[in-house]
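We count residues from 1, following the sequence as given.
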Amino acid sequence: MAEIATIARPYADALFKACTAGAGVDLGSATAWVEELAVIAADPQLRQLSDNPKVSPDQLFDLIAGLTRYALPDMGRNFLRTMIENGRLDALPEAAVQFRTLVNRSSGSSDAVVYSAFPIDSSALADLGASLEKRFGRKLNLTMQQDESLIGGIRVVVGDEVLDTSVKARLEQMKAALTA
């Protein structure tokens, strides 16, 4: 069986091309509704329902479209209908990840997750964001997650790059130096 990423790629590519082909679609709003569809599609109960042969593709479409907070544009409705009709609803979360990557690449930005042992207020996060953008050399879309296991400091993940200044990381480095 093909990898989910391989299955999702053509859907993400097609959606991105449709959004940027002068259709007047705002990539930010498209990213929002695609990610919401992905969250809905990832629900285990919905997956179980989608595997039920008694549930028609139209019923599944109506259910998912009814659960969204957004009024799906025609492009969103077509995207969702295509994924359902092709039996690829399980690939929708990965398609959303790949679509966001394409959007970020087109704007020269990256998603970054800042892990901190303590909450960071919005002004400190903005200052941190400016420093991180200089460090990584591109615009970053920051999100913050609290991780008390870090003890102190922060850990920043940008794609496959990691900047770890946490106390936990320093203790692990000391431990490795002492046991070597």
Could you measure the distance from the [atom1] atom of [X] to the [atom2] atom of [Y]? Nearest 0.5 Å is fine.
X      : Y      : atom1 : atom2 : value
Gln98  : Arg105 : CD    : CZ    : 9.5 Å
Met174 : Thr179 : CE    : OG1   : 13.0 Å
Asp111 : Asn104 : CG    : CG    : 4.5 Å
Glu94  : Ile7   : CD    : CD1   : 10.5 Å
Ile40  : Arg69  : CD1   : CZ    : 8.5 Å
Asp90  : Arg88  : CG    : CZ    : 7.0 Å

Looking only at heavy atoms, what is the nearest atom pair of [X] and [Y], with distance?
X     : Y     : answer
Pro10 : Thr6  : CD-O, 3.3 Å
Ala91 : Ala8  : O-CB, 3.6 Å
Glu36 : Leu67 : OE2-O, 4.3 Å
Leu89 : Pro93 : O-CD, 3.8 Å

Using side-chain heavy atoms (C-beta onward) and a distance below 4.5 Å, is [X] in contact with [Y]?
X      : Y      : result
Arg155 : Val113 : no
Asn78  : Met83  : no
Phe61  : Glu85  : no
Leu60  : Ser56  : no
Phe79  : Trp33  : yes
Leu92  : Tyr11  : no
Val162 : Val156 : no
Arg9   : Asp13  : yes

Where the side chain of [X] meets the backbone of [Y], is there a donor-acceptor pair that is under 3.5 Å apart?
X      : Y      : answer
Gln146 : Ala117 : yes
Thr101 : Val97  : yes
Ser116 : Pro119 : no

For [X] and [Y], which I'm curious about, is there any donor-acceptor pair between the side chains at under 3.5 Å?
X      : Y      : value
Tyr115 : Asp164 : no
Asp147 : Ser149 : yes
Ser110 : Arg138 : yes

Are [X] and [Y] linked, directly or through other ILVMFWY residues, by side chains that come within less than 4.5 angstrom of each other?
X      : Y      : value
Met144 : Ile154 : yes
Leu80  : Tyr70  : yes
Ile84  : Leu72  : yes
Met75  : Leu102 : yes
Phe118 : Leu142 : no

#### Entry: Audit row: Val114, Gln145, side chain to side chain contact (heavy atoms under 4.5 Å, CB included) steps and yes/no
CA-CA 6 Å; Val114 176; Gln145 291 187 11; over 6 Å; no
### Task
Check the pair Arg170 / Thr165 against side chain to side chain contact (heavy atoms under 4.5 Å, CB included), numbers first and verdict last.
CA-CA 7 Å; Arg170 289 187 207 142; Thr165 64; 4.3 Å; yes
### Message
Between Leu63 and Val55, is the side chain to side chain contact (heavy atoms under 4.5 Å, CB included) condition met? List the steps.
### Response
CA-CA 11 Å; Leu63 175 65; Val55 177; over 6 Å; no
### Query
Does CZ belonging to Arg47 count more than 12 external heavy atoms closer than 6.0 Å?
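Result for CZ/Arg47: enclosed.
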### Task
Evaluate whether atom CG of Asp74 has more than 12 neighbouring non-hydrogen atoms of other residues, nucleotides or ligands under 6.0 angstrom away.
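Counting neighbours around CG of Asp74, 12 or fewer heavy atoms of other residues, nucleotides or ligands fall under 6.0 Å, so no.
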Listing, residues 127-134 side-chain donor-acceptor contacts under 3.5 Å, not counting sequence neighbours, or none:
unit_1, atom_1, unit_2, atom_2, d
Ser131, OG, Asp127, O, 3.4
Glu133, OE2, Leu140, N, 3.2

